[in-house]
Amino acid sequence: MDGVSNATAKQSNWNLPNILTSLRILFIPVFAWLVLDQRWWWAFGLFVALMITDKLDGDIARARGLVTDFGKIADPIADKALMITAMVTLNIASTLPVWITVVIVVRELGITFWRMWMLRRGRVVPASKGGKLKTVLQTVGIALYLCPLPAWMDIPTLVVMIIAAAVTVVTGIQYLIDAEKANA
């Protein structure tokens, strides 16, 4: 033996979760084109498929012990890139208000940069339950905008996105409050 057990050996980046994450990143431009070309059902279908891969890659990585440094970096990048792309293209091709996109993007990028700063200081800030709720609300809101629904659904769709924006802001503030309490 070389003195390194299998449990402590560095995980290869060539594994199913990382391939799913990479595919998600590669298909984001296709998704953007579908939205901008207003191929709503195709865009919706691809968005759902990409969100399923987001769930699967994390579940598989944890269940099979395939968590890698690449995955820790690439997965959140893929998540943010997909959500931001979805919102910006919906601002252009649909009726999603720009202010919702601005609020969500500022919070998402702000908390992401803050978490990286905290990591450099040796503190890992894990995802919260509120953060998971935020992701679900954003996903449902975007999915509703992507579906060619009857006009009476415009208001409920907007309401879901407003709630998603509110939860996004609240969870961002909660991260900061919790971090301050932990430092006290």
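Side-chain atoms are counted along with the backbone in the values below, which use heavy atoms only and exclude waters and symmetry mates. Remember, it's a predicted structure, so these values are computed and weren't measured experimentally.
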TODO: Say whether Gln138 and Thr168, considering side chains only, have a donor N or O and an acceptor N or O under 3.5 Å apart.
DONE: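 Their side chains do contain a donor-acceptor pair, which is all the 3.5 Å distance test asks for.
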TODO: Using only heavy-atom distances, determine whether the side chains of Asn15 and Thr68 contain a donor-acceptor pair under 3.5 Å.
DONE: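 No pair is found: no donor N or O on one side chain lies under 3.5 Å from an acceptor on the other.
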TODO: Give a yes or no on whether Lys80 atom NZ has more than 12 heavy-atom contacts from other residues, nucleotides or ligands under 6.0 Å away.
DONE: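 Yes, NZ of Lys80 has more than 12 neighbouring heavy atoms, counting only those of other groups under 6.0 Å.
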Task: Exceeds 12 heavy-atom contacts within 6.0 angstrom, atom CH2 of Trp40 - done: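 Atom CH2 in Trp40 is crowded, with more than 12 foreign heavy atoms closer than 6.0 Å.
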Taking the side chain as C-beta and beyond, is there a heavy-atom pair between [X] and [Y] under 4.5 Å?
{"X": "Thr171", "Y": "Ile111", "result": "no"}
{"X": "Leu82", "Y": "Phe27", "result": "no"}
{"X": "Leu146", "Y": "Leu90", "result": "yes"}
{"X": "Leu34", "Y": "Phe47", "result": "no"}
{"X": "Arg24", "Y": "Asp75", "result": "yes"}

Task: Closest heavy-atom pair and its distance - Tyr145, Ser94 - done: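 Where Tyr145 meets Ser94 most closely, the heavy atoms are CD2-OG, 3.8 Å.
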TODO: Kindly confirm or rule out a cation-pi arrangement of Arg39 over Trp41, judged by NZ or CZ under 6.0 Å from the six-membered ring centre and within 45° of its axis?
DONE: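 Not satisfied by the 6.0 Å and 45° rule.
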Task: Donor-acceptor pair, side chain of Asn91 and main chain of Leu96, under 3.5 angstrom - done: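 Checking the backbone N and O of Leu96 against the side chain of Asn91, a donor-acceptor pair under 3.5 Å is found.
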Task: Donor-acceptor contact below 3.5 Å, side chain Gln174 vs main chain Gly130 - done: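 No, the answer is negative, given that no donor and acceptor are paired below the 3.5 Å cut-off.
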